[in-house]
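See below for the structure under consideration.
It should be emphasised that the depicted structure is a prediction, and the values quoted were computed from it without experimental measurement.
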Amino acid sequence: MVLSDRTIKDEIALGRIIIKPFDSADIQPASVDIHLGDSFRVFRNAHTPFIDPSDCPQDLTELVVATKAEPFILHPGEFALGTTLECVTLPSDILGRLEGKSTLGRIGLLIHSTAGYVDPGWTGYLTLELSNVANLPILLTPGMKIGQISFDRMSTPVDRPYGHPELGSHYQGQVGPTPGRSLNS
């Protein structure tokens, strides 16, 4: 069941859903708006002929920090990793779904390729998979609204929330745009 604005407010007030920083004006009817952080990872493709998902090179990306005075520009056809301004923590009986803002989608900005699912038990900043599918560059300014997160209540709390030692959760507690880890690690 998708949580309504009223239930989202209750869960935040109880400290079960934690979003920091948080502004109650960001609560929508069935989601919470999230904002773009200032850090990006851009791919350096001059020295790597291909990416092997079973053995991802750790030096595939380079960190770029943007400011409001010098925003990040995502060119047509480019892909970069970004991060949310907010750190999100979920309990073991609620999952999150990250989606883009329709206004941004209508100008060709996609904020996730596949990683729109936020597992119960998650804590950390969300890494955004930014793609420009338009034919003009898109200006990305730290602090701008970049997406929204909705929440679903699980039928029961999960037995092994994200971050449980048996799961090998790769990204628990991540800060900033985190590059991919090898599928075999």
Side-chain angles (χ1 to χ4, degrees), residues 1-41 63-68 71-72 80-105 109-130 140-181 185:
M1 159 181 37
V2 176
L3 303 188
S4 70
D5 54 356
R6 182 182 311 171
T7 305
I8 292 169
K9 289 176 198 173
D10 291 346
E11 294 290 343
I12 290 172
L14 291 169
R16 289 177 29 80
I17 294 175
I18 301 169
I19 302 172
K20 291 184 181 180
F22 173 71
D23 183 342
S24 61
D26 289 328
I27 296 179
Q28 299 299 317
S31 64
V32 176
D33 285 339
I34 56 171
H35 302 82
L36 184 63
D38 65 357
S39 300
F40 300 86
R41 288 207 158 270
L63 184 66
V64 174
V65 177
T67 64
K68 288 186 181 196
F72 184 81
L81 299 176
T83 188
T84 57
L85 178 66
E86 294 85 0
C87 181
V88 176
T89 300
L90 299 180
S92 63
D93 64 340
I94 294 177
L95 66 90
R97 294 184 189 273
L98 177 66
E99 296 296 340
K101 299 291 290 174
S102 63
T103 299
L104 298 175
L109 180 66
L110 307 179
I111 69 161
H112 72 81
S113 302
T114 61
Y117 193 81
V118 185
D119 282 307
W122 165 265
T123 189
Y125 295 81
L126 302 172
T127 292
L128 305 170
E129 302 158 341
L130 302 167
L140 300 176
T141 305
M144 70 183 276
K145 287 183 181 180
I146 194 72
Q148 54 200 345
I149 186 168
S150 63
F151 305 96
D152 292 312
R153 190 173 312 278
M154 307 290 292
S155 58
T156 65
V158 298
D159 290 332
R160 298 181 310 160
Y162 194 84
H164 188 280
E166 292 176 9
L167 293 178
S169 305
H170 292 185
Y171 306 106
Q172 184 73 307
Q174 74 183 10
V175 176
T178 304
R181 304 238 165 75
S185 63

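Among the candidates Leu81, Leu109, Thr84, the single residue satisfying the side-chain contact (heavy atoms from CB on, under 4.5 Å) test with Leu128 is Thr84.
Counting only heavy atoms from C-beta outward, the side chains of Leu90 and Phe151 approach each other to under 4.5 Å. Using a 4.5 Å cut-off on side-chain heavy atoms (C-beta onward), Met144 and Lys101 make no contact. Taking 4.5 Å as the limit, every side-chain heavy atom of Pro71 sits out of range of all side-chain heavy atoms of Leu140. Here the side chains of Lys145 and Leu104 are not in contact, with every heavy-atom distance at 4.5 Å or above. For the pair Val158/Asp119, no side-chain contact is recorded, criterion being any heavy-atom separation below 4.5 Å from C-beta on. Put simply, the side chain of Pro142 does not reach to within 4.5 Å of the side chain of Leu85, judged on heavy atoms. Within the 4.5 Å cutoff, the side chain of Thr67 has no heavy atoms near those of the Asp38 side chain.
Note on ring orientation: taking the six-membered ring where Trp is involved, the planes of Phe72 and Phe40 are parallel (angle under 30°, cut-offs 30° and 60°).
Of all the heavy atoms in Met154 and Ser92, the pair that sits closest is CG-O, 4.5 Å. Nearest heavy atom pair, residue Gly121 against residue Pro161, reads CA-CB, 3.8 Å.
Rounding to the nearest 0.5 angstrom, the gap separating the CD1 atom in Ile94 from the CD1 atom in Ile17 is 4.0 Å. Separation of atoms CG (Asp5) and OG (Ser31) is listed at 9.5 Å; rounding is to 0.5 Å. The line from NE2 of His35 to OG1 of Thr83 is 13.5 Å long, rounded to the nearest 0.5 Å.
Here the side chain of Gln28 pairs no donor or acceptor atom with the backbone of Asp33 at under 3.5 angstrom.
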